[in-house]
Structures are given as structure tokens and as C-alpha cells.
Trainee: 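Mind having a look at this structure? Questions to follow.
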Number of protein chains: 2
Amino acid sequence: MSNKKQQIIEAATKSFSLFGYKATTMDQVAKVANVGKGTIYTFFKSKEELLDEIVSSLIVEMKEAAEEVVDPHLSFFENAHRALYRFLEFRKKHQLLIKLLQEEKEIGTPAVQEVMKRLESTILAYIKQKIEAAIEKGEIKNCNPEITAFLMFKMYIALVFEWEQTHEPLSKEQIAELFELYFLKGLSK
Amino acid sequence: MSNKKQQIIEAATKSFSLFGYKATTMDQVAKVANVGKGTIYTFFKSKEELLDEIVSSLIVEMKEAAEEVVDPHLSFFENAHRALYRFLEFRKKHQLLIKLLQEEKEIGTPAVQEVMKRLESTILAYIKQKIEAAIEKGEIKNCNPEITAFLMFKMYIALVFEWEQTHEPLSKEQIAELFELYFLKGLSK
DNA sequence: ATATTGACCATTTTGTTCATTTAGTCATTT
DNA sequence: AAATGACTAAATGAACAAAATGGTCAATAT
């Protein structure tokens, strides 16, 4: 990948993470990236496509990060735990996601809504597929994979992002523990 | 309670449920309630207080509804299940909550944000207290009551309100079943 | 030739003004 | 004494002007 394209992506990622999508101007991205504004448009059709590409790489990165630690020979739980941990270490990179999540909720920028929807679908499809495999192998109870994926995702969001809107953030150890306790083991004694 | 006050409350509840808080005018409430506008202000200091009082009664109603079916002699799970079921039957009355939830998200009316925050705190405090009792009695695992309450609440919202934004709504039997499966029993075999 | 650029343009967003609407009051009526 | 609706001050939003921004392209640099 050309040097300039990379510079642009980095500048945009930084700006989006810091100010959000809407509040980031293309002039600003150009300036931070040390390129002329026109140059951006030789690599990206539009501001929206720039965001799209950044989020797409993020998705790829996340998938790779998950696959790195997931081992088909291990149990579903062990893999879920490892992947969860991996994501939690990611939180710094999550700065972008946090900002986009916030912008989606507070401003509702259409481009951001779309990209977040795509991100959510991708994640849900991925989890769903893992769950289906685990059911197939008889590792977990027979449950509706789609609803289960949906709830796992919501729970992750609640623990990682929503909790800290009114409380002290939870450490990644705490989150992993909680996730396991509530979702996998259940509260039953 | 005076007849007129009741009329006003009913009219306002209906209007708020149908059009939301912001889009409901006091003239409209007066007309529907068949009273002069001034009359409203002999019972309520402001529009906001009118909403506050309506939501307060709703909270009381919900608490009563829960207490009706909760039996201290039964297990925490059985009671949780019963209360959940009771709430799900409430969904019609939830029309107001649905509208307010939507208004909070889409318009962000300050008065609505405040009242919803109060509602959430009340519910969380209530669940938390029940959880503490259950831990005390040794009925459930020793968990952080505040976080547990938070997650139960988020899960309820996710199942009842959020799921149906992209899928067919779940029946109350399904929801109760799911709630039990994921939260109480866990997916472990 | 090819890559890069920033002045430029069309469109969107933001700021401002002003007429309309609405929450809340109070003198009058019931 | 209770209820009312015309009235007022404040909030809202429609309409318009000004500023900002996304995207283009002829000119420039490599």
C-alpha cells in the first residue's frame, strides 16, 4: 500500500477517534496526513468510503485477532474466553469504536449508523457461526444461535461501554469473569 | 383523588403514549381531559411535574405488580420468573415507556431523559435489593449485586425492546425462557 | 506521463431574525 | 371556592443569510 494512502488512513483514524466522523473535516485529515486534499480523493471516492475502509480493516483486524487465539481443539468456553480477553486488550484501539458508538447514539450521523450496522452484522454473523459449531459438537445447550449471538453482543457492549457511563470502568479481568459467570455458568448454584 | 385530576392524568398519559412528551401540548391535554387549561395548573406545577407524577405512579404500579406475584417463600428464580412474566403482560401499558424510550433516544428531550434516568435507577435499586436478599439466603452465587442488576436490566431491554427493531418480536413465553436459559442457568451443559 | 495539489464550486451546515406556538398566569366567571 | 380561557413571556421553528465543508479539476511538481 502506498505511503500516502497509509498516512491518510492513519490521520483519518486519529481524527475520527478524537472528534468523531462528522466533526472531522477533509481539510483536517489532509493537513494531519501532510497531503493535499485532492490526494485523498485519488484513493477514496468520498469521506464515507474512507470511514468504510477504516472500519473494514478494523473488522479484519478483529477477526484476525480472534483467530489468532482461537483453537478448534479447545472447548467453546475456553475459546470464547480467549477471544474475549483478546478483544479487551484491544480497548485502546477501541477508541474509534467508542467515539463512533457515541456519535451514533447522540448525533445519529447516517454514515456512522450504516457503518455501525455493518459492523454489528458482521460480528453477529461471526459469533452465530461459532455458536452453531459449538451446538453441533454438543458443547453447549441447544439454543437459538441468532438470539444467543445477539445477547452475547449486547452483554459485551453493556459491560465494556455502557457500564462506565455511570460507574468506574471494569478491568478486563473483571469483565471476563463477569461474562463467564452470567452468560456461561449462570447464577444457579 | 378528585375526578378532574384523574381525567387530566388519563388524558396526559394517553397523549404522551401516542405522541410523546414534547409533541403533547397542554392545550391538547386540557381538551382531551375536558377541562380548562388553567385547571391543570391547580393540580400540577408544570408540564414536567405532570410527567413526573405519571411516571411515579407507573413505578408504584410496577412495584405493586411485582409484589403481587412475588412470594418470599419461593426461590429467587421462581420469583424472578414470575415478576418477569408479570411485566411482560404489562406490555400494553408499556406503550408509554416505549414512546418515552424512543423520544429519549431520538430527540433527547431533557425532561424525558431525567424521568427515564429516575425510572432506571429505581428499577436497578429494586432488583439490586432482591439480589442482595437472594445472596444472603444463599440462593444464588455470590455476585456483585449492582452489576448483576445492571446486566439483568440491560438484558431485559435487549430482549423486549431492541430485538424487535431488527426481528420479529419475541413472545412473552420465549422471552421468559431465554432469560432463564442465559442468565440463570447458563449455557454450560 | 503521472502524481499531487489547493483554489474553486455546489451543497450542507450554522447562525440569525422574526412570526408562530406553547407553557404558565390570573382576572373573570361559574 | 373551583374552574376557566384570554393573555403574556418564553420557547420554537420557518425562512433567510453567512460560513463551512465535501468534492472537482486545471495547474503544478516530480
Side-chain angles (χ1 to χ4, degrees), chain A residues 1-55 99-100 102-104 106-115, chain B residues 1-55 99-100 102-104 106-115:
Chain A
M1 171 146 39
S2 92
N3 186 35
K4 291 217 180 281
K5 185 172 181 182
Q6 194 52 41
Q7 280 171 252
I8 292 165
I9 287 178
E10 273 164 28
T13 303
K14 196 187 282 181
S15 253
F16 289 158
S17 302
L18 215 51
F19 309 111
Y21 174 78
K22 200 182 174 198
T24 294
T25 69
M26 294 302 261
D27 279 310
Q28 197 181 142
V29 173
K31 202 178 226 170
V32 174
N34 266 95
V35 297
K37 188 161 61 152
T39 310
I40 299 177
Y41 287 88
T42 64
F43 295 108
F44 304 95
K45 218 174 72 252
S46 66
K47 186 183 180 184
E48 192 167 344
E49 196 175 274
L50 176 56
L51 175 68
D52 273 0
E53 197 157 321
I54 289 173
V55 171
K99 201 76 202 180
L100 291 179
Q102 181 199 335
E103 183 167 345
E104 185 191 17
E106 289 178 9
I107 314 183
T109 320
V112 174
Q113 285 182 330
E114 273 171 45
V115 92
Chain B
M1 172 145 44
S2 91
N3 186 35
K4 292 218 180 280
K5 186 171 181 184
Q6 194 52 42
Q7 278 170 256
I8 293 165
I9 289 177
E10 274 164 29
T13 304
K14 196 187 280 179
S15 254
F16 289 157
S17 302
L18 214 53
F19 309 111
Y21 174 77
K22 200 183 176 197
T24 294
T25 69
M26 293 303 259
D27 278 311
Q28 197 181 141
V29 173
K31 201 178 226 169
V32 174
N34 265 95
V35 296
K37 188 162 59 153
T39 308
I40 299 177
Y41 288 89
T42 65
F43 295 109
F44 304 95
K45 220 175 69 250
S46 66
K47 185 183 181 183
E48 192 168 343
E49 197 177 281
L50 177 57
L51 175 67
D52 274 359
E53 197 158 322
I54 288 174
V55 171
K99 200 74 201 182
L100 291 179
Q102 181 198 334
E103 184 167 345
E104 184 191 16
E106 289 177 10
I107 315 184
T109 319
V112 174
Q113 285 182 330
E114 273 170 45
V115 91

Trainee: Hey, which sits more toward the 5' end of DNA chain D by its nearest nucleotide, Gly38(A) or Thr25(A)?
Mentor: Thr25(A)

Trainee: How long is the line joining NZ of Lys5(A) and P of dT4(C), in whole Å?
Mentor: 13 Å

Trainee: When the distance from NZ of Lys22(B) to P of dA23(C) is rounded to whole Å, what number comes out?
Mentor: 11 Å

Trainee: Asp27(A) has an atom CG; how far is it from atom P of dC8(C), in whole Å?
Mentor: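 From Asp27(A) CG to dC8(C) P: 14 Å.
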
Trainee: Among Asn34(B), Val35(B), Asn3(B), Val32(B), which residue meets the side chain to side chain contact (heavy atoms under 4.5 Å, CB included) test with Ile8(B)?
Mentor: Val35(B)

Trainee: Would you kindly give the NZ-to-P distance between Lys4(B) and dA1(D), to the nearest whole Å?
Mentor: 19 Å

Trainee: So, is the end of the Lys99(A) side chain (NZ or CZ) under 6.0 Å from the ring centre of Phe16(A) and within 45° of the ring's axis?
Mentor: no

Trainee: Would you say Thr39(B) places a side-chain N or O within less than 4.0 Å of OP1 or OP2 belonging to dT4(D)?
Mentor: yes

Trainee: In whole angstroms, how far is the P atom of dG6(C) from the CE atom of Met26(A)?
Mentor: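 Met26(A) atom CE is separated from dG6(C) atom P by 15 Å.
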
Trainee: Decide yes or no, distance alone: a donor-acceptor N/O pair under 3.5 angstrom between the base of dG24(C) and the side-chain of Lys37(B).
Mentor: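 Per atom types, the contact qualifies.
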
Trainee: Between atom CD in Glu48(A) and atom C1' in dT12(C), what is the gap in whole Å?
Mentor: 15 Å

Trainee: Between Thr25(A) and Phe19(A), does the side chain to side chain contact (heavy atoms under 4.5 Å, CB included) criterion hold? Intermediate values first, please.
Mentor: CA-CA 10 Å; Thr25(A) 69; Phe19(A) 309 111; over 6 Å; no

Trainee: Find the distance Lys31(A):NZ to dG22(D):P and express it as a whole number of Å.
Mentor: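 Checked: the NZ to P distance equals 14 Å.
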
Trainee: In whole angstroms, how far is the P atom of dA3(D) from the CD1 atom of Ile40(B)?
Mentor: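 To the nearest whole Å, that distance equals 13 Å.
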
Trainee: Give a yes/no answer on whether the side chain of Tyr41(A) brings an N or O atom under 4.0 Å of OP1 or OP2 in dG23(D).
Mentor: yes

Trainee: Do the charged groups of Lys5(B) and Glu53(B) touch, with an N to O distance under 4.0 Å?
Mentor: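 Yes, Lys5(B) and Glu53(B) are salt-bridged.
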
Trainee: Closest to the Val35(B) side chain: dG22(D), dT4(D), dG24(C)?
Mentor: dT4(D)

